[in-house]
Amino acid sequence: RHRMVLLPQHYRCTDFKVGKQGWICLAISITLAVVYESALEIDLVADMFKKFQSSRLFSSKRHQRRMRVSYISDVEGNLEYFTNFVNRSEVLAFDENGNLELSDYSMFVFGGDLFDKGDADIRMARLLINLKKKYPKRCFLLIGNRDANKLRFASELSDDDVENRPLNEIPPIPCVGCKISPKEFIEANAEKGFKNDKITRLKWMLKETLGSEAAFENRRSELSLLGNGTSISDQEVFDSYMESVREGGFVLEYLKLAQIGVILNNTLYIHGGLTPQSCGFIPDVKRFRYFDRSTGDVVVNSVDEVPGRILPKGSTVSSWISELNEFAKECIRDYIESPMWSYSQGYWRRGGEALMAYQSTPATQGRGVVVPTFLNHGEVIPFSEEMVSYLLKDGISRVVVGHKPVADSPLVIREEGKIEIIMADTSYSDPEATDNRGMAVAEVLLEENGETTIHGVLCDGKEYRYTTPSIESKKAKTLIGQKTPDGYWIKAAMDGDTYYLVKTEGRKVSKKYVKRILLSKA
């Protein structure tokens, strides 16, 4: 009897309901193992359970373990936040060496935007790259705008663009919301000793075009930490950024392993969102451009001008996502082959330009999935029947995204019997916290049967956990994901039959806790 403990935990008899034949075979093997104390028979018993798990001897599938997916997005270089996530995760864990491990019967999807605002870009990249390599079939990394836009560094910080190009000729880049040219940036920071060199140009790019003013000093801090406290010069910080987008660099390595979208069971995972114009559209790798090098402005003015092709009518979402992922890979190959500017056919372009353009709202004109969002000023953009039909026809009833901050807990939007949207970017949870996150952290767990479990901590320290039924279930009705008459979203179920509600008006966020009975009456 003492040898029976050698059976793997998940092959114990109590875990499965097996047929009559299975029990007879098992009884014979156990008898032989006990009588002869045979280690061989013990191995045979364990092996038999493994075969039972995938055979018809099981009389009920409900006793088999289901695959679940853990999701998080928009970490943006914040290792402290990610560590809090892992410590609470039911799927991920750190091993004794500080590397990530993925539990059995589970998958992990990182929704994109790995870089920029925190002080751990390098360490975060190493963690996720190593996780992907360890579990290539169960870990999926998505491309966000803060990932793809780093490819700009190679061309825009080259000798040709900084040292050999007259400063007066370099415009601001209104296409990315930048209104200050490098020349104006230098003049405004004259007291800091800024001059027309690559280091100053990088600082201008980070602050004025990438929304990451603190990134330069954050990188210095991380390099110092990784170098055991050594002093890090401006040049070393600059070199780190440039090396990151070269072969072997952590940004390029992440992009090579990442993809634009992934479909698991009934769920589509992308970074930003969908529009009717984006569904089925594949951009042209060679003709799709980010912005005009001479003016910094957008090169298209309508959705019809975006170069690319629409898949034939009747094509599936699966085939579309597959082609988008191949588009991304082709863009990376294009970038590696020729990352610098070149003039051809009457305009300037660079390798990888199409992937940079795909993360830009003005460049895509709504034809992408990286930067669109399902919200506009706190209001849900109505789902078009065309888009919903396109998803449902391929068996997709749930879409999970990040990109758009939704306060301190994920936002669930449900259209009963049709489609469910889960928005999980909590990067702007607590504006009073140094990192705009504070204590807030959340894990989204997606089950094979369509249920979703979301658990975490709000910025006020209160914990929550709730499960929503499958949108396809006959019992799909839930208060989660509904909107009250006074404009509050019902976002989370708390202890004590209480719900957490949030309303956003611009950057103003209003929150309250309400008893279920009062919501039912409303």
Side-chain angles (χ1 to χ4, degrees), residues 111-112 142-143 145 259-284 288 300-328 354 357-404 406 411-425 446 450 452 468 470-473 476-477 481-483 489:
L142 300 189
I143 298 173
N145 50 297
Q259 53 201 81
I260 289 176
V262 62
I263 297 173
L264 302 173
N265 300 313
N266 70 329
T267 307
L268 169 63
Y269 301 82
I270 49 179
H271 181 65
L274 293 172
T275 69
Q277 293 78 25
S278 65
C279 292
F281 180 77
I282 308 296
D284 187 295
F288 189 29
V300 295
N301 295 299
S302 72
V303 66
D304 294 329
E305 294 180 9
V306 181
R309 59 190 172 87
I310 300 175
L311 296 183
K313 189 174 182 179
S315 297
T316 64
V317 181
S318 303
S319 61
W320 171 48
I321 293 299
S322 178
E323 290 213 34
L324 276 180
N325 290 334
E326 182 53 41
F327 157 78
Y358 198 67
Q359 58 81 45
S360 164
T361 299
T364 57
Q365 295 286 317
R367 280 209 182 276
V369 301
V370 176
V371 286
T373 177
F374 293 107
L375 289 180
N376 183 26
H377 302 295
E379 296 293 329
V380 174
I381 299 171
F383 304 146
S384 76
E385 288 296 327
E386 178 187 5
M387 186 180 77
V388 172
S389 175
Y390 180 61
L391 294 170
L392 293 179
K393 192 177 295 184
D394 203 19
I396 294 170
S397 56
R398 186 166 54 186
V399 181
V400 180
V401 301
H403 182 61
K404 180 75 171 180
V406 290
L411 172 64
V412 178
I413 306 167
R414 293 168 67 90
E415 189 168 331
E416 305 299 352
K418 290 188 177 180
I419 196 165
E420 178 179 44
I421 307 296
I422 300 173
M423 303 181 68
D425 178 3
L446 304 114
T452 303
T468 59
S470 167
I471 196 72
E472 300 163 348
S473 169
K477 289 191 178 298
Q482 304 302 314
K483 200 170 188 180
W489 284 102

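No hydrogens, no waters, no symmetry mates; every other heavy atom, side chains included, goes into these values. As the structure is a computational prediction, the values presented were derived from the model and not from experiment.
- Heavy-atom minimum distance, Leu411 versus Leu375: CD2-CD1, 3.8 Å.
- Closest non-hydrogen pair, Tyr390 versus Thr316, comes out as OH-O, 3.6 Å.
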Q.
Between Thr373 and Met423, is the side chain to side chain contact (heavy atoms under 4.5 Å, CB included) condition met? List the steps.
A. CA-CA 9 Å; Thr373 177; Met423 303 181 68; 3.6 Å; yes
Q: Check the pair Leu391, Val317 against side chain to side chain contact (heavy atoms under 4.5 Å, CB included), reporting the backbone distance first and the verdict last.
A: CA-CA 7 Å; Leu391 294 170; Val317 181; 4.2 Å; yes
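- The CG atom of Asn265 sits 11.0 Å away from atom OG of Ser470, with the distance rounded to the nearest 0.5 Å.
- Around NZ of Lys393, the count of heavy atoms belonging to other residues, nucleotides or ligands within 6.0 Å does not exceed 12.
- Annotation: side chain of Val262 is not in contact with side chain of Ile321 (no heavy-atom distance under 4.5 Å).
- Here the OG-CH2 distance, from Ser315 to Trp320, works out to 12.0 Å after rounding to the nearest 0.5 Å.
- Put simply, CG on Leu274 and CZ on Phe374 are 4.5 Å apart, with the number rounded to the nearest 0.5 Å.
- For the pair Pro283/Phe327, a side-chain contact is recorded, criterion being any heavy-atom separation below 4.5 Å from C-beta on.
- Once rounded to the nearest 0.5 Å, the distance linking OG of Ser389 with CG of Asp394 reads 11.0 Å.
- Between Glu379 and Lys483 there is a side-chain heavy-atom pair separated by less than 4.5 Å.
- Heavy atoms of other residues, nucleotides or ligands lying less than 6.0 angstrom from CD of Glu386 number 12 at most.
- Nearest heavy atoms, Ile260 versus Asn325: N-OD1, 2.8 Å.
- Screening Leu324, Val371, Ile143, Val306 for a side chain to side chain contact (heavy atoms under 4.5 Å, CB included) with Tyr358, the sole residue that qualifies is Leu324.
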Q.
Please determine whether side chain to side chain contact (heavy atoms under 4.5 Å, CB included) holds for the pair Glu420 and Thr468, giving the CA-CA distance in whole Å, both sets of side-chain angles, and the decisive distance to 0.1 Å.
A. CA-CA 10 Å; Glu420 178 179 44; Thr468 59; 3.5 Å; yes
Only distances under 3.5 Å count here; give the side-chain donor-acceptor pairs of residues 360-367 to other protein atoms, sequence neighbours excluded, each with its distance to 0.1 Å.
unit_1 : atom_1 : unit_2 : atom_2 : d
Ser360 : OG     : Ala363 : N      : 3.2
Thr364 : OG1    : Ser360 : O      : 2.8
Thr364 : OG1    : Thr361 : O      : 3.4
Gln365 : NE2    : Pro362 : O      : 2.9
Arg367 : NE     : Val303 : O      : 3.2
Arg367 : NH1    : Gln277 : O      : 2.8

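- Between Asn266 and Ser397 the shortest heavy-atom distance is ND2-OG, 2.9 Å.
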(Q) For Phe383 and Val399: C-alpha separation, side-chain torsions, deciding distance, then whether side chain to side chain contact (heavy atoms under 4.5 Å, CB included) applies. (A) CA-CA 12 Å; Phe383 304 146; Val399 181; over 6 Å; no
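- When every heavy atom of Val370 is checked against every heavy atom of His271, the shortest pair comes out as O-CD2, 3.1 Å.
- Atom CD1 of residue Ile419 and atom CG of residue Leu392 lie 6.0 Å apart, to the nearest 0.5 angstrom.
- None of Thr452, Leu264, Leu446 except one satisfies the side chain to side chain contact (heavy atoms under 4.5 Å, CB included) rule with Val400; the exception is Leu446.
- Using modelled atom types, no side-chain atom of Asp284 and backbone atom of Arg309 make a donor-acceptor pair closer than 3.5 Å.
- A heavy-atom distance below 4.5 Å is not found between the side chains of Glu472 and Arg398.
- Scanning all heavy atoms of the two residues, the minimum distance from Ile413 to Val380 falls at CD1-CG2, 3.8 Å.
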